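Throughout, a chain's letter reflects where its sequence line sits, starting with A, and its residues are numbered from 1. Everything quoted here is computed from the prediction, not taken from an experiment. Every heavy atom of this structure was used, including side-chain atoms; hydrogens, water molecules and symmetry mates were not.
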Number of protein chains: 2
Amino acid sequence: MQTAASVSHKASRPRADALRNRERIVTAAREMFVEFGADVPFDEVARRAGVGNATVYRNFPDREALVREVVCSVMDRTSEAAEQALAETGDAFEALERFAHTAAAERISALCPMLSSAFDRHHPDLEAARVRVDTLVARIMDRARAAGQLRDDVGSGDLLVGIAQLSRPPAGTGCLSADRFVHRHLQLFLDGMRAPAPSSLPGAAVTVEDLRAS
Amino acid sequence: MQTAASVSHKASRPRADALRNRERIVTAAREMFVEFGADVPFDEVARRAGVGNATVYRNFPDREALVREVVCSVMDRTSEAAEQALAETGDAFEALERFAHTAAAERISALCPMLSSAFDRHHPDLEAARVRVDTLVARIMDRARAAGQLRDDVGSGDLLVGIAQLSRPPAGTGCLSADRFVHRHLQLFLDGMRAPAPSSLPGAAVTVEDLRAS
DNA sequence: TCTAAACGGGGAAACCGTCCCCGCTTATTT
DNA sequence: AAATAAGCGGGGACGGTTTCCCCGTTTAGA
C-alpha cells in the first residue's frame with residue numbers, strides 16, 4: 001500500500017463513492033428481498049440504501065441485474081462462512097452447526113429467487129458461485145460424515161434448502177421477531193441430520209444442482 | 001333424507017351452486033396464498049377457481065374476509081388431521097409424524113398471513129380455531145413425550161412453525177416440484193425432535209399463543 | 001482550482017388491481 | 001315443464017402505484 005499510484009490504471013476505475021453506493025444498494029436489496037420478496041419497488045430500495053432512485057437505475061439496468069448481484073453476493077458470503085467452518089479443527093459436526101447458524105444469520109434465504117421461474121439460472125456468474133458453494137458445503141458434510149456424526153442420506157441441497165426455508169421471515173411485514181425462533185428450529189433440523197438416522201427419508205439426497213432443475 | 005322438505009327453512013338458504021362456488025374460491029385462494037402470498041389479485045383467484053371475478057367480490061366484501069376464511073379453513077383441516085392422529089392407537093411418535101406430514105400436504109403454510117401485521121388476530125373465529133389446534137397438537141405431543149419419544153424442550157408452536165416454513169414453496173411461480181423435498185426435510189425436522197435431545201435449544205418452547213405476539 | 005462523473009428529487013407515462021354494471025344462465029318451485 | 005328470481009361472468013372505467021427519464025447541483029479526483 002503506497003501513498004499514491006497504488007492502482008495501476010485509473011481510466012476504467014469508477015469513483016470511490018460510486019462503488020460505495022453500489023455496495024449499499026446491494027446490501028439494502030438483500031435485506032428487503034428477504035423481508036418482502038424479490039419485487040420490492042426500486043424506490044424503496046433506494047430509500048433504505050440512502051441514495052436517490054436514479055442511482056439504482058444507473059447501476060442496474062433492470063431488475064434481473066440487481067437480483068443476480070444480490071444472489072451472487074449471498075452465495076459469496078455463504079462460501080466464506082463455509083471456508084471458515086472448514087478451517088475449524090475441532091469437532092466436525094460442530095463446524096457444520098456453526099456454518100448453518102452463520103448462513104441463517106446471513107439471510108441465505110435471499111437466494112430463493114434463484115429458484116424462481118423468471119430468472120436466468122444459467123448465467124455464468126451464478127454457475128460459478130453455485131459450484132463453489134456446493135463444493136465447500138459438501139466438503140464440510142463429508143468431514144462430519146467421515147467422523148460418523150452425519151447420516152448418509154442427506155446432501156448439500158438438503159442442508160441449504162433447510163436453512164433457507166427455516167430462516168425466512170414468515171410472510172408479514174418486517175416480522176424479524178421470528179429470528180428468535182429461527183435458531184431453535186434450525187437446531188432441530190440439524191439434530192435430525194445426526195447419525196445414526198432414526199428414520200429413512202423419501203427420495204434421494206439433494207445437491208444444489210438438483211435445485212435448479214425445473 | 002326425505003324426498004322433499006328435508007330442510008326446514010328455505011328462505012335464507014343460498015343456492016347449491018353458490019355454496020359450491022364459495023368453496024372452490026376458498027380452495028383456490030388457499031393454494032395461491034401459499035404460492036404467492038396473501039396479496040394475489042382477486043381476479044387471479046377467480047380464474048383458478050373457475051368463476052367470474054364478480055363472484056369473488058360478491059362472497060367476500062374485502063380481502064380480509066377472504067383471508068380469514070382461508071385461515072380458519074386451514075386450521076379446521078389441521079384440527080381434523082390432529083384428531084385423526086390422536087385416534088391412532090399405535091406408536092405415539094408415529095402418530096405425530098403422520099400428523100405433521102398430513103398438515104404439510106394440507107398446505108398449512110397458508111396460515112402464515114395470520115402472523116402478518118395487517119391482520120386482525122383477535123377475531124373470535126380465529127381465537128377459537130387457534131385454541132382448538134393448539135390443544136390438539138399439544139395433546140399429540142404430550143402423548144409422545146410421555147412415551148419418552150419426544151424431547152422436552154419443544155412446544156406446539158415449534159412444530160407448527162416448522163411444518164409451515166418447510167412446506168412453503170420457495171418463492172417462484174408454481175414451484176410445486178419442491179414438494180418432493182418437503183417431506184424429506186420435514187422428516188429431518190421431526191427426527192430432530194426425538195428424545196433424547198442431542199443438543200440444547202436457544203430460548204424456550206413455543207406455543208401457538210406465542211406466535212400471535214408482535 | 002478545475003472538470004467531469006455521479007447524484008437526487010420531481011414528474012410524466014405505463015401498468016395493475018379493484019370493483020361496478022348489465023345481459024344471460026340455471027337452480028328451484030308449483 | 002314453465003315460471004321466476006337468485007346467481008353468474010365478462011368487459012371496462014377508475015384510482016393508485018411503479019417505473020424510468022431529465023436536468024440542475026454536488027463532489028471526488030488530479
Kindly assign one of parallel, tilted or perpendicular to the pair A:Phe42 and A:Tyr57, based on the angle between their ring planes and the thresholds 30° and 60°. tilted

Do A:Thr102 and A:Gln84 touch side chain to side chain, with heavy atoms closer than 4.5 Å? no

If the helix axis at each end comes from five base pairs, how far does the helix from C:dT1-D:dA30 to C:dT30-D:dA1 deviate from straight, to 10°? 40°

Nearest whole Å is fine: how far is C:dC7 P from A:Arg20 CZ? 10 Å

For the pair made of CD1 in B:Ile25 and C1' in D:dG7, what is the distance, rounded to whole Å? 12 Å

Should the pair B:Asp191-B:Arg194 be classified as a salt bridge under the 4.0 Å nitrogen-to-oxygen rule? yes

For B:Arg22 and D:dC8, give me the distance from atom CZ to atom P, rounded to whole Å. 11 Å

Search all heavy atoms of A:Ala29 against all heavy atoms of A:Val70 and return the closest pair with its distance. CB-CG2, 3.8 Å

Minimum heavy-atom distance between A:Arg22 and A:Phe60, given as atom pair plus value: NH2-CE2, 3.7 Å

Taking all atoms of both residues into account, what is the closest heavy-atom pair of A:Ala46 and A:Asn53, and its distance? CB-CA, 3.7 Å

Give every pair of a protein N or O atom and an N or O atom of nucleotides 18-22 of chain C that lie under 3.5 Å apart, one pair per line with the distance.
residue	atom	partner	partner atom	Å
C:dT18	OP1	B:Arg63	NH2	2.3
C:dT18	OP2	B:Phe42	N	2.9
C:dC19	N4	B:Asn53	ND2	3.0

Grab the CG-P distance between B:Leu19 and D:dG7 for me, whole Å please. 10 Å

On DNA chain D, nearest-nucleotide positions of A:Glu44 versus B:Val51: which is more 5'? B:Val51

Between B:Arg143 and B:Glu88, is there a salt bridge with N-O shorter than 4.0 Å? no

Salt bridge flag under 4.0 Å for residues A:Arg130 and A:Glu127: yes

C:dA27, D:dA28, C:dC7: which one has an atom nearest the side-chain heavy atoms of B:Asp17? C:dA27

Rounded to whole Å, the CG-P distance (B:Asn21 to C:dA27) equals 11 Å

Any carboxylate oxygen within less than 4.0 angstrom of a Lys/Arg side-chain nitrogen, looking at A:Asp158 and B:Arg184? yes

Distance, rounded to the nearest Å, where B:Arg15 contributes CZ and D:dT4 contributes C1': 11 Å

